[in-house]
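What follows is one structure encoded as C-alpha cells, with my remarks underneath.
Side chains are part of it too, since the values below use all heavy atoms of this structure and drop only hydrogens, waters and symmetry mates. First listed ligand is number 1; within each ligand, the first listed atom is number 1. Note that the structure is predicted; figures quoted are calculated from it, not measured.
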Amino acid sequence: MEAFVSNYLSILGSSALLTVLFFCLEGARPAESGQPFAKWLRNVAYLPFILAWILALQLVITPAAAALLRVTGGGLLPRFIGAPRTLVGEVLFFLGFALTWDVWQYWVHRWQHTSPLLWRTHALHHAESALNATAQARHHPTNYVLFAVLYTPMLLVFGGLGPHPVGAFVLFRVWGFVNHANLRVGFGRATRLIAGPQWHRIHHSTRKEHADRNFAAYFPFIDAVFGTYYEPKADEYPPTGATVERMAVRVGFEPTLPFRVKRFSRPS
Ligand SMILES: [Zn+2]
Ligand SMILES: [Zn+2]
C-alpha cells in the first residue's frame with residue numbers, strides 16, 4: 001500500500017509539474033486563443049482519478065503478466081538477446097521499443113476509430129473541443145483496460161524488458177503533453193519523422209479531410225506506411241472536437257459513457 005501511495009504521488013507530482021509547464025508554454029504561443037479556462041480545469045480535476053485508476057489497474061496487470069511470462073518462457077527478446085549492456089545498446093533498444101510500441105499502438109488506436117464498440121472507449125478523448133496538453137490524460141478508464149488486454153503480443157516479445165526509466169518517462173509521460181499542446185509549433189521537415197502538436201492536432205480535427213488520419217504517437221511515418229498520413233500545411237491549425245456524426249450524445253466524464261454512446265458513422 002505504501003509503495004502504491006508513493007508511486008501515485010510521484011506520478012501525480014510529475015504530471016502536475018508538466019501541466020503547469022505546458023500551461024505557461026501554451027500561453028506564450030497558442031494554436032487557438034481564448035480557450036475556456038473551465039474546460040482546462042475540468043481535465044485537470046480528472047487527472048488524480050485517472051492516474052489512480054491506471055495504477056490500480058497495474059496491481060492486476062503486473063501479476064497477470066508475470067504469470068503469462070512464466071508459462072511462455074519469459075518473452076522472446078530476453079530469451080534470445082537479453083537486456084542492453086552499453087549506452088549504444090540502450091539507445092538502440094529505446095528506439096526499437098518506441099517504434100514497435102508505436103506500430104502496435106497505431107493498430108489498437110485505428111481499431112478504436114473503426115469499431116463502433118471500441119470507439120466508445122475513445123470518444124471521451126476526442127470530445128475535447130479546446131485541445132491542449134491536459135487532454136493527454138482525458139481518456140476513459142475502459143481505454144486503459146483495452147490497451148492492457150491487447151498488450152499481450154508486446155509482452156510476449158519484450159517480456160519484462162522496457163526502456164531506461166528516463167526514456168520511459170519521455171515516451172509515456174512527456175510526449176502526451178507535447179502531442180496535445182495548444183501550441184503553434186510545426187516541426188517543418190521533421191514532421192514526417194517525429195509527432196508533435198500540429199501533427200496530432202490534425203488527428204483531433206473536426207474537418208472531413210482530417211478524419212481518421214495521423215494515428216501514430218511518436219513516428220508519423222508509420223501512418224505514411226499504412227496510408228493514413230496527413231501532412232499539415234505550414235499554417236494549418238484546425239478546430240478540434242468530435243463531429244456530430246461521431247457523437248450520438250453529449251460526452252462527459254461519466255463512467256457510464258461507453259454504454260451511452262449509441263452509434264457513430266464514418267464521415268464520408
Ligand atoms: Zn483517436
Ligand atoms: Zn489525442
Would you confirm whether the ring centroid of His113 sits within less than 6.0 angstrom of the ring centroid of His122? yes

To 10 degrees, how wide is the angle NE2 (His113) to the Zn ion (ligand 1) to NE2 (His126)? 100°

Charged N to carboxylate O below 4.0 Å: is that the case for Asp223 and Arg192? no

State whether Glu32 and Arg201 are salt-bridged, where the test is any N-O pair (Lys NZ or Arg NE/NH1/NH2 against Asp/Glu carboxylate O) under 4.0 Å. yes

Shared hydrophobic cluster for Phe23 and Leu12 (ILVMFWY, side-chain gaps under 4.5 Å): no

The Zn ion (ligand 1) - name of the N/O/S atom of His122 that sits closest to it: NE2

His125 backbone or side-chain N/O/S under 2.8 Å from the Zn ion (ligand 1): no

For His180, what is the atom name of its N, O or S atom nearest to the Zn ion (ligand 2)? NE2

Can you tell me which N/O/S atom of His204 has the shortest distance to the Zn ion (ligand 2)? NE2

Between Asn43 and the options His180, Gln136, Glu128, the side-chain hydrogen bond (donor to acceptor under 3.5 Å, both in side chains) test singles out Glu128

